[in-house]
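Residue numbers count from 1 along this sequence.
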Amino acid sequence: MMKTKISAIAATALLLSVSAAPVLAATNYSQNYALIDEAKLFDAAGSEQLSATLEKTGRETGWQVSVVTTSYNISADQMDSYYNNYYDNHREWFTTDSAMLIIDTGSNNRYILTHGSAEAYFTDERMTQIKSEMKPYLNDNDMLGAAKTFAAVNAEFYRSGIPENGGHSNHVDGVDPNKAAEEQEKKNNKLGYVLSHYGWIFGLVALAAGGIFAGVNVGRYKYNGKGGTYNLKENSRMNLVDQQDVFVNKHTTFTTINTSSGSSGGSSGGGSSSHGGSGAF
């Protein structure tokens, strides 16, 4: 009787410990795929299955096929810039050539981003197609089925090749991060920017001016002595006239116009990389 009671207590404790164990978000990635499950939509078995599917598709297409789930509650009009920043800020996970499905459970919005070589395969028409094929799974809240469909249609697009016709209305040209930093430096510290980028010119000008000044002074005083003494008394005269100086005060006013550029993509600012987007769905 005592053994049975102890066994029951042990079993109960085991069940409580298992139920209380936290479910860790999956973060799996390689050159061919990325699965970043911050919203914890997939259990261990689902994550393993989806990772294998994405990996297989990525090897076939040559671009990284990625699924990202979050709960950030990003509005539909902000998803493009926000998640493009997410891509830029996590380049340890993502590659230059990629197609990414984002599922934001906070806002119940989804988005597809394409970068690099993958973008050419995702025309507006194909974006509509892939969203339509995923829609039934999304309506049933079957996120695993939707993600696997996303991978399957990626492979389908690759096999069909780059379309000869089709629009890319959601293509966004990126800004070279180095040029962006340079422009920001110009705005924040104009003098520092000029000195750091053009200081060598000022150095050459100063060197040349110093040489000219030295040459003029050497020439002026080279013959300074008896032979070069100037007879001030014989060669000058002085006329005193009444003269009045009129001082003119001039006041200048100016207005500084500040310009700023921002983005609707949250605190991280606007997207920096060129990409294509599907529009929220």
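Minimum interatomic distance between A120 and I162 (heavy atoms only, all atoms of both residues): O-CG2, 3.7 Å. Nearest heavy atom pair, residue A76 against residue A280, reads CB-CB, 3.7 Å. Closest heavy-atom contact between D37 and S47: OD2-OG, 4.5 Å. E133 and T149 get closest at one heavy-atom pair: O-CG2, 3.7 Å. Annotation for A146 and M134: closest pair O-CG, 3.8 Å, computed over non-hydrogen atoms. The minimum heavy-atom distance linking F94 with S66 is given by the pair CD2-OG, 4.0 Å.
In this structure, the side chain of D142 does not engage the main chain of Y137 through any donor-acceptor pair within 3.5 Å. A donor-acceptor pair is defined here as one N or O able to donate and one able to accept, closer than 3.5 Å; no such pair exists between the side chain of H115 and the backbone of M100. Within the 3.5 Å criterion, the main-chain N or O of G276 finds no donor-acceptor partner in the side chain of N170. Formation of a donor-acceptor pair under 3.5 Å by the K131 side chain with backbone atoms of S278 is found in this model. Without hydrogens or angle criteria, Q64 side chain to W93 main chain gives a donor-acceptor distance under 3.5 Å.
The side-chain heavy atoms of V65 and S98, taken from C-beta on, include no pair separated by under 4.5 Å. Using a 4.5 Å cut-off on side-chain heavy atoms (C-beta onward), E48 and F42 make no contact. Side-chain contact between T69 and M143 is absent, with no heavy atoms from C-beta onward closer than 4.5 Å. Taking the side chain as every heavy atom from C-beta outward, Y33 and L50 never approach each other to under 4.5 Å. Counting only heavy atoms from C-beta outward, the side chains of V172 and N84 never approach each other to under 4.5 Å. In this structure, the side chains of L54 and V67 come closer than 4.5 Å at one or more pairs of heavy atoms. Side-chain contact between I102 and I112: absent, with no pair of heavy atoms (C-beta onward) separated by less than 4.5 Å. Counting heavy atoms from C-beta on, the side chains of S273 and Y87 come closer than 4.5 Å.
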*Stepwise, does the side chain to side chain contact (heavy atoms under 4.5 Å, CB included) test hold for L113 with M79?*
CA-CA 10 Å; L113 284 175; M79 289 196 76; over 6 Å; no
*Evaluate the criterion side chain to side chain contact (heavy atoms under 4.5 Å, CB included) for residue pair Y111 and L101; output intermediate values, then yes/no.*
CA-CA 6 Å; Y111 207 87; L101 168 65; over 6 Å; no
*Do I36 and Y86 pass the side chain to side chain contact (heavy atoms under 4.5 Å, CB included) test, and can you show the C-alpha distance, the side-chain angles, and the key distance before you say yes or no?*
CA-CA 12 Å; I36 315 298; Y86 184 97; 3.5 Å; yes
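Atoms CD and OH, on Q78 and Y72 in that order, are 14.5 Å from each other to the nearest 0.5 Å. Remark: T27 OG1 to L35 CG distance equals 8.0 Å, nearest 0.5 Å. Taking NZ from K135 and CG from D140, the interatomic distance works out to 12.0 Å, rounded to the nearest 0.5 Å. Rounding to the nearest 0.5 angstrom, the gap separating the CD atom in E119 from the CG atom in D97 is 10.5 Å. Interatomic distance, OG1 of T53 versus CZ of F150, reported as 12.5 Å (0.5 Å rounding).
No hydrogens or angles considered: a donor-acceptor pair under 3.5 Å links the side chains of Y83 and T70. For the residue pair N108 and R110, a side-chain donor N or O sits within less than 3.5 Å of a side-chain acceptor on the partner. When only modelled atom types and interatomic distance are considered, E92 and Y29 share no side-chain donor-acceptor pair under 3.5 Å. Of the N and O atoms on the side chains of R159 and T61, not one donor lies less than 3.5 Å from an acceptor on the other residue. Neither side chain, T57 nor N154, offers a donor N or O lying under 3.5 Å from an acceptor on the other. Checked by atom type, the side-chain pair N109/S75 shows no donor-acceptor distance below 3.5 Å. Between H171 and D173, the side chains place a donor N or O and an acceptor N or O closer than 3.5 Å (distance only, hydrogens not considered). Donor-acceptor pairing under 3.5 Å is lacking for the side chains of N73 and S107. Checked by atom type, the side-chain pair D80/H275 shows a donor-acceptor distance below 3.5 Å.
Ring pair Y121/W63: centre-to-centre distance below 6.0 Å.
We find that E55 and R59 are joined by a salt bridge, their nearest charged nitrogen and carboxylate oxygen being less than 4.0 Å apart.
Atom CD of E125 is surrounded by more than 12 heavy atoms from other residues, nucleotides or ligands within 6.0 Å.
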